[in-house]
Structure formats: structure tokens, C-alpha cells
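Because the structure is predicted, anything quoted here is derived from the model rather than measured. Position 1 is the first residue of the sequence; numbering continues from there.
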Amino acid sequence: MSPTIVYGGGWITGVEPAPPRTSITASLVAIRESPWQTRYELESGELRCGPSGSPPAQLIALDGETRIPLSPQLVEFYSYARSWRHSVLLNNVIDPDDYLDHLTDPRLDLPGILRYEFDAPAVLVDAHGTGLDPSRCALFWLDTLSGAVYNRAYFVFDPPTHSRTSGATAGEPEVWGFENEHFHAPDLRSYLAGLVADLTDTTTGEDPQ
């Protein structure tokens, strides 16, 4: 289990790292074929991630300027997810090409949320204890369907080597989520594996979201 991280007056729950060979696609298939998906697949929520089978060329960082190339996990995820139009558990994933539209949408006030989280020193730190920088974070999902933008998740990339022009970065991003229960996953593979594990937990009849 990843260590629990202090966040303001509360905590962020660590998501257990997935085995290295865990397949992103296999996790997405398991989510797609789950009873929860079958039960709710006719509802209006949908995973709106752009053209079928075509991953975006890059991510736009939270600063609205820095370009970050996709890691292998993200290429696999978006190659699958962009062709998937109806998802129960992933219906808040945004198309990375639409990020600037969300950033400038006055109904969402996303800049206000970002100022709160990133302008205060040491409010958010990564697994290495380094303060988060908007230029190395990108938006993963955002609850725009119900207008609850305080429910959101970020990709957080390692700091060192990207610039505003090249966007170069290394390694897989961490996933930080903020909703009813804040969470932190060491990478996208672990985040999706955690969703699958929740789906297979039959101890409660509650929605895994």
C-alpha cells in the first residue's frame, strides 16, 4: 500500500501499486464488461474522449502552456478509451484536446481551484516530497457532467526535464484524485487496477464510484 499523504487538515489514501505487467487494456476491458457497466450502460453519461482509436499527440499542462508528451501507459489508455463512448466509471475523463476549453469556461472556475491547490506552498507534494508545479501536471478527469468540478483527478509527472517548448518528460505520471475520498496512485496502471479490484469486491452493494 502506498503511504498515506497529509493534505491540508486531512489525508490522501494511497492506492496499492499494480504488478508491473498489469495490462491497461485488460483493466479497461474488465471495467467495460463489469456488472456495473452492464447495469448502467443505457444512462446518459459517456466517456467523451475524442476520435475513435486515436490518442492525442500531447497533454496540455495545468498552466495552459506547457506541452507534455504521452507516456506509454497514457498512449495505451487513450488509444482504447477514445473509441469507448459509454462508460459508467470513467465518464468524467476529458479529451486532452479540450483542456483549454475547460480552463476558460467561467461556469467551472477551474482556475480558482488550481490557484487554491497550487499557489499555497507545500499544500500538495508528490511521492518525492516535491511541491507540485502546474507545468508538470495535467487534467485526467473532471466532473463537468454534474458541474461538480471539485471532483477531479490529475496526472503528475516527474519534475526535471521538460520545458515550455520541448515538453520533454520521463516516466509514468502519478494519479492524484480529489472527490469524496482523496486518493493517490503511483501510476495510471495502478489506478485502473484499483477500480477493477473495487468492482470485484462483492461485500457491499454500493456503487464503486
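- Residues L100 and I60 form a side-chain contact, since some pair of their non-hydrogen atoms from C-beta on lies under 4.5 Å apart.
- The line from SG of C137 to CD1 of I68 is 7.5 Å long, rounded to the nearest 0.5 Å.
- Inter-residue side-chain proximity for V75 and S79 is flagged as met; some heavy-atom pair is nearer than 4.5 Å.
- Counting only heavy atoms from C-beta outward, the side chains of Y154 and F178 approach each other to under 4.5 Å.
- Taking D101 as the reference, nothing meets the side-chain hydrogen bond (donor to acceptor under 3.5 Å, both in side chains) condition, with sequence neighbours excluded.
- A donor-acceptor distance shorter than 3.5 angstrom exists from the side chain of Q73 to the backbone of L188, with no hydrogens or angles considered.
- Contact of the D105 side chain with the L110 side chain is not registered, since no non-hydrogen atoms from C-beta on lie closer than 4.5 Å.
- Shown here are the ring pair (Phe, Tyr, Trp, His ring centres under 6.0 Å) partners of Y99, two or more places apart in sequence or in another chain: there are none.
- Side chains of H102 and I94 form a contact here, defined as non-hydrogen atoms less than 4.5 Å apart.
- Annotation: the span from Q58 atom CD to L74 atom CG amounts to 13.0 Å, rounded to 0.5 Å.
- Within the 4.5 Å cutoff, the side chain of L108 has heavy atoms near those of the L142 side chain.
- In terms of heavy atoms, N92 sits closest to W141 at O-CB, 3.1 Å.
- Y80 OH to T25 OG1: the interatomic distance, rounded to the nearest 0.5 Å, is 7.5 Å.
- In terms of modelled atom types and a separation under 3.5 Å, the side chain of R67 and the main chain of E65 share a donor-acceptor contact.
- L28 places none of its side-chain heavy atoms less than 4.5 Å from the side chain of R32.
- Shown here are the side-chain hydrogen bond (donor to acceptor under 3.5 Å, both in side chains) partners of T104, two or more places apart in sequence or in another chain: there are none.
- Take S71 and apply the side-chain hydrogen bond (donor to acceptor under 3.5 Å, both in side chains) test, not counting sequence neighbours, and it matches E172.
- Contacts of A18 classified as side chain to side chain contact (heavy atoms under 4.5 Å, CB included), with partners at least two apart in sequence or in another chain: T22, R189, S190, A193.
- Looking at every heavy atom in both residues, L62 comes nearest to L139 through CD2-N, 3.7 Å.
- F155 pairs by the ring pair (Phe, Tyr, Trp, His ring centres under 6.0 Å) definition with F140, not counting sequence neighbours.
- Note that the CH2 atom of W176 and the OH atom of Y191 stand 15.5 Å from one another [nearest 0.5 Å].
- Among residues two or more places apart in sequence or in another chain, the side chain to side chain contact (heavy atoms under 4.5 Å, CB included) test is passed with P56 by L70, Y78, R82, P96, D97.
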Residues D187, V175; criterion side chain to side chain contact (heavy atoms under 4.5 Å, CB included); working and verdict: CA-CA 6 Å; D187 58 14; V175 178; over 6 Å; no

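- Of all heavy-atom pairs spanning L103 and G64, the tightest one is CD2-CA, 4.1 Å.
- Legend: residues meeting side-chain hydrogen bond (donor to acceptor under 3.5 Å, both in side chains) with S27, ordered by chain and number and at least two apart, are absent.
- F157 and R136 make their closest contact through O-NH1, 2.6 Å (heavy atoms, listed as atom of the first residue, atom of the second, distance).
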